[in-house]
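Throughout, protein chains are lettered first and strands after them, A, B, ... in sequence-line order, and every chain is numbered starting at 1.
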Amino acid sequence: MPTGRLPHPPAALRRGPLREDAFPSRLHDPRVAALLGLWLGVTFGVCFLTGLVSHYMQHPPSWLAWPARPVWLYRVTQGLHVSTGMACVPLLLAKLWTVYPRLWEWPPVRSVAHALERLTIVPLVAGALFQLATGIANVAQWYRFRFFFTVTHYWVAWITIGALLVHVAAKVTVVRANVGPGRDARAHLTDRLTEPEPPGDGLSRRGLGIAVGTAAGLITATSAGQWVPGLAPLDLLAPRRPDIGPQGLPVNRSAVAARVVALARDPDYRLEVVGPRPFTLGLDELRAFDRHTVTLPITCVEGWSADGTWHGPRLRDLLDAAGIPPDATVRVESLEARGGYRASEVRPPHARDPLTLLATGLNGADLDLDHGYPARLIAPDRPGVLQTKWVHRVVMV
Amino acid sequence: MLVVGLRWLAGLRWLAVGMGLAALGYGVDGLVTMSRATHPPQAARWLIGAVVLHDAVAVPVTAAVGLLVSRVVRAPYRAVVQGAMLVSAAVALASLPLWRGYGGSPDNPTVNPLPYGRNLAIVLGAVWAVAAVLIAVRARRARSGHAVPTVLAGSAELADSADSAELADSAG
C-alpha cells in the first residue's frame with residue numbers, strides 16, 4: 001500500500017520475536033493461512049446467519065412473520081449454530097498459529113493504510129475468541145461473566161463479522177495468489193506468496209490440515225448427537241443428551257429456578273383466555289377440552305433439541321372459543337412473576353397452526369413440573385425459550 | 001467456482017470494507033448502548049483478555065511444548081505425536097466446562113448430565129490408539145527400509161524450532 005509511508009523504526013529495537021528468523025516453522029505459510037481462512041469464512045458465516053435467524057425469531061420486527069413450517073427449521077439452524085461454533089475451535093486456533101509471526105512483523109507499521117488494516121485485526125481476533133469462549137460457556141450454563149450472554153453475544157457477532165469483512169477485503173488478493181487452480185498466474189498480485197515446503201521432521205502443512213480436520217470432525221461427531229436424531233449414542237461431550245430428563249426430555253429452566261413450584265401446584269389453578277368472549281378453565285376442564293396429540297421437538301437456543309409427544313387442546317381452538325379473530329396476535333403468560341421469558345408473543349402463523357398445543361401432557365403422562373405443569377405452549381419451528389411453561393393466561397394483544 | 005468467486009469479491013473489496021466498517025460500528029454502538037445487558041467494562045475485559053491470553057500465554061506455551069516434543073520425540077513419529085496432541089487439545093478445549101465440572105445448577109440435573117471425565121478419556125484414548133497404530137506402521141516401515149510416507153512429515157533433517165510444533169493450542 002503506497003500511501004502515507006511511515007519511517008522505519010531503528011533496527012536496534014528488532015529483538016526477540018521481532019527478529020527476522022524468530023518463526024522458522026514451515027506451517028507459517030500464506031497458503032495454509034489462506035485455506036484455513038476460507039474455512040473460517042464459511043463457518044463464521046454459518047454461525048452469523050444462523051445466529052441472526054435465532055435473534056430475529058426471538059425478536060421479530062413487526063413486518064416479519066416467521067413460518068411455522070418446516071417443523072424442524074429452528075432445530076437445524078440452531079443445532080448448526082452451536083455445532084459449527086464448537087468445530088471452529090481447532091480451525092481458529094490453527095489459523096492464529098499460522099499467522100502468529102505477523103503479530104511481530106517488522107516494521108510494525110509501514111503506512112497509514114497498513115496501520116488501519118492491522119488495527120481491524122484486534123476486533124477480529126478478540127471478537128472471534130470471545131464468541132467461541134462465551135458460546136461454549138453458555139451451552140454448559142457456566143456463567144463466569146456478569147454481562148447477559150445473548151445480548152452481548154449478539155452485538156459482538158456484529159463486531160466480529162464486520163471486522164471479518166474488512167479482513168477478507170484486505171486479504172483477498174493474498175488468497176487469490178495462493179489458492180485455487182491457475183494461482184501461479186495470479187502470483188504477481190502480492191508479495192505474500194507460499195514458499196515450497198521445506199523438509200522437516202515435524203508436522204507438515206498437509207499434516208496440519210489433516211489434524212485440524214480430524215479435530216473439527218471429532219468435536220462435531222461427539223456433540224452433534226444433542227440435536228441430530230440418531231447420533232445420540234455418540235453424544236459423549238455435549239452438554240445435553242436428548243433422552244436425559246424428566247419424562248425423557250431435557251429441561252432448560254426448572255420450576256425451582258423459575259420460582260413457580262407453589263403456584264403451579266395450586267389446586268385452584270385456572271387458565272384464563274382473554275378475548276372478546278373471555279373465559280376460564282380449571283385443570284380438569286382444560287384436560288377435557290378437545291384433546292389432541294402431536295409429536296414436536298423442543299428446540300433450545302442452546303443448540304440441543306429433543307422430540308416429545310405432547311397432549312392437550314389446540315391453541316387455536318381455545319382462541320376460537322374466546323372469539324379471538326384468526327389474524328390476532330396473542331400473548332401467552334407464565335405463572336413466573338418476573339424474568340425476560342415469563343411471557344411470549346404468538347403470531348398468527350404459530351397461533352393458528354394445527355400442531356400448536358397448550359399441552360397438559362407429555363409422552364402419555366401429565367406434564368412434569370419442570371416441563372411446565374399444569375400447561376405449556378408447544379408450537380412447531382419455535383425457539384424453546386418462547387415455548388412458555390406454567391401458562392395461566394392467554395391474552396389477545 | 002472458488003476462483004471466480006474470489007475474483008468477484010476482489011472487485012467488490014471496497015464495498016466489503018464499507019459494509020464491514022458499518023457492521024463493526026453497529027456492533028460497537030449496540031454493545032455500548034445496551035449497557036445494562038452487555039456491561040461494557042466486563043465485555044471489554046473479556047474481549048481484550050481473550051486476545052492477551054491467546055497471544056501472550058497460549059501461543060508461547062504451545063511453542064514451548066512444541067520445542068519439548070521436538071527434543072523428545074524422534075523423526076518419523078514426531079508428526080504423529082504433534083497431530084494427536086493438536087486433536088486432543090482441541091477436543092478438550094471445546095468441552096472444557098463439561099469435564100472440569102463447571103456450570104449447570106443443582107436444581108436441573110439435565111444440564112451437563114454425563115460422566116464427562118470418563119467420556120473425554122474414551123475419546124482421547126481412541127485418538128492415541130490411532131496415533132499408536134500410525135507410529136507402529138512407521139516403525140515397521142523404518143525397520144524394513146521403506147521411506148516414511150510424506151503425508152504427515154517430510155524426511156530430511158532440519159532442526160525444528162520452538163514454534164514448529166502445532167499442538168496444545170490452549171487458548172480461550
Would you call [X] and [Y] a side-chain contact if the rule is heavy atoms closer than 4.5 Å?
| X | Y | value |
| --- | --- | --- |
| A/Phe148 | B/Thr38 | no |
| B/Leu96 | A/Ile136 | no |
| B/Arg78 | A/Leu203 | no |
| B/Asn108 | A/Arg253 | no |
| A/Pro90 | B/Val91 | no |
| B/Leu24 | A/Trp158 | no |
| B/Arg7 | A/Val172 | no |
| B/Leu2 | A/Leu38 | yes |

Most chain B-contacting option - heavy-atom pairs closer than 4.5 Å, from [options]:
| options | answer |
| --- | --- |
| A/Ala238, A/Gly182, A/Ala128, A/Gly135 | A/Ala238 |
| A/Arg240, A/His153, A/Met86 | A/Arg240 |
| A/Val125, A/Leu92, A/Leu218, A/Leu164 | A/Leu218 |
| A/Cys88, A/Ala215, A/Pro239, A/Ala255 | A/Pro239 |
| A/Gly180, A/Ala157, A/Ser254 | A/Ser254 |
| A/Pro250, A/Gly209, A/Ala87 | A/Pro250 |

Heavy-atom proximity to chain B below 4.5 Å, by part of [X]:
| X | value |
| --- | --- |
| A/Val168 | side chain |
| A/Pro123 | side chain |
| A/Phe149 | neither |
| A/Pro17 | neither |
| A/Tyr143 | neither |

Ignoring hydrogens and geometry, is there a side-chain-to-backbone donor-acceptor pair from [X] to [Y] under 3.5 Å?
| X | Y | value |
| --- | --- | --- |
| B/Thr110 | A/Ile244 | no |
| B/Asp107 | A/Val256 | no |
| A/Tyr154 | B/Gly30 | no |

> Centroid-to-centroid, A/Phe130 to B/Trp46, below 6.0 Å?
Replying inline: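 Between A/Phe130 and B/Trp46, the centre distance exceeds or equals 6.0 Å.
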
>> For B/Trp128, is the CH2 atom crowded, meaning more than 12 foreign heavy atoms sit under 6.0 Å from it?
In response: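 Counting neighbours around CH2 of B/Trp128, more than 12 heavy atoms of other residues, nucleotides or ligands fall under 6.0 Å, so yes.
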
>> Counting neighbours of CZ on A/Arg19 that are heavy atoms of other residues, nucleotides or ligands and sit closer than 6.0 Å, is the number greater than 12?
In response: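 Counting other residues, nucleotides and ligands, CZ of A/Arg19 exceeds 12 neighbours.
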
Atom pair [atom1]/[atom2] of [X] and [Y] - distance to nearest 0.5 Å:
| X | Y | atom1 | atom2 | result |
| --- | --- | --- | --- | --- |
| A/Phe147 | B/Gln42 | CZ | CD | 6.5 Å |
| B/Leu47 | A/Ile159 | CG | CD1 | 6.5 Å |
| B/Leu98 | A/Ser223 | CG | OG | 9.5 Å |
| A/Trp97 | B/His54 | CH2 | NE2 | 9.0 Å |
| B/Asn112 | A/Leu237 | CG | CG | 11.5 Å |
| A/Leu236 | B/Arg118 | CG | CZ | 7.5 Å |

> So which part of B/Asp55 gets closer than 4.5 Å to some heavy atom of chain A, the side chain, the backbone, both or neither?
Replying inline: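 It is both, since atoms from each part get that close.
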
> Given a strict heavy-atom distance threshold of 4.5 Å, which part of B/Val52 is in contact with chain A: side chain, backbone, both, or neither?
Replying inline: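 Neither part; nothing is under 4.5 Å.
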
> For chain A, which of B/Leu31, B/Asp29, B/Leu120 has the most heavy-atom pairs under 4.5 Å?
Replying inline: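 Option with the top pair count is B/Leu31.
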
> Most heavy-atom pairs under 4.5 angstrom with chain A, which of B/Ser95, B/Ala16, B/Ala37?
Replying inline: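 Among the listed options, the one with the most contacts to chain A is B/Ala37.
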
> Between A/Val179 and B/Val3, does a side chain to side chain contact (heavy atoms under 4.5 Å, CB included) hold up when you go through it step by step?
Replying inline: CA-CA 8 Å; A/Val179 173; B/Val3 172; over 6 Å; no

Tell me the closest heavy-atom pair linking [X] and [Y], and the distance in Å.
| X | Y | result |
| --- | --- | --- |
| A/Gly162 | B/Ala23 | CA-CB, 3.7 Å |
| A/Ala211 | B/Val87 | O-CG2, 3.5 Å |
| A/Leu129 | B/Ala50 | CD1-O, 3.5 Å |
| A/Val166 | B/Leu21 | CG2-N, 3.8 Å |

>> Evaluate A/Asp235 against B/Leu114 for side chain to side chain contact (heavy atoms under 4.5 Å, CB included), listing each step before the verdict.
In response: CA-CA 9 Å; A/Asp235 182 355; B/Leu114 304 174; 4.2 Å; yes

> Does the side chain to side chain contact (heavy atoms under 4.5 Å, CB included) test come out yes or no for B/Val17 and A/Leu165, once each step is laid out?
Replying inline: CA-CA 6 Å; B/Val17 169; A/Leu165 262 178; over 6 Å; no

> How are the rings of B/Tyr102 and A/Trp142 set to each other: parallel, tilted or perpendicular (split at 30° and 60°)?
Replying inline: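 Ring orientation of B/Tyr102 relative to A/Trp142: parallel.
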
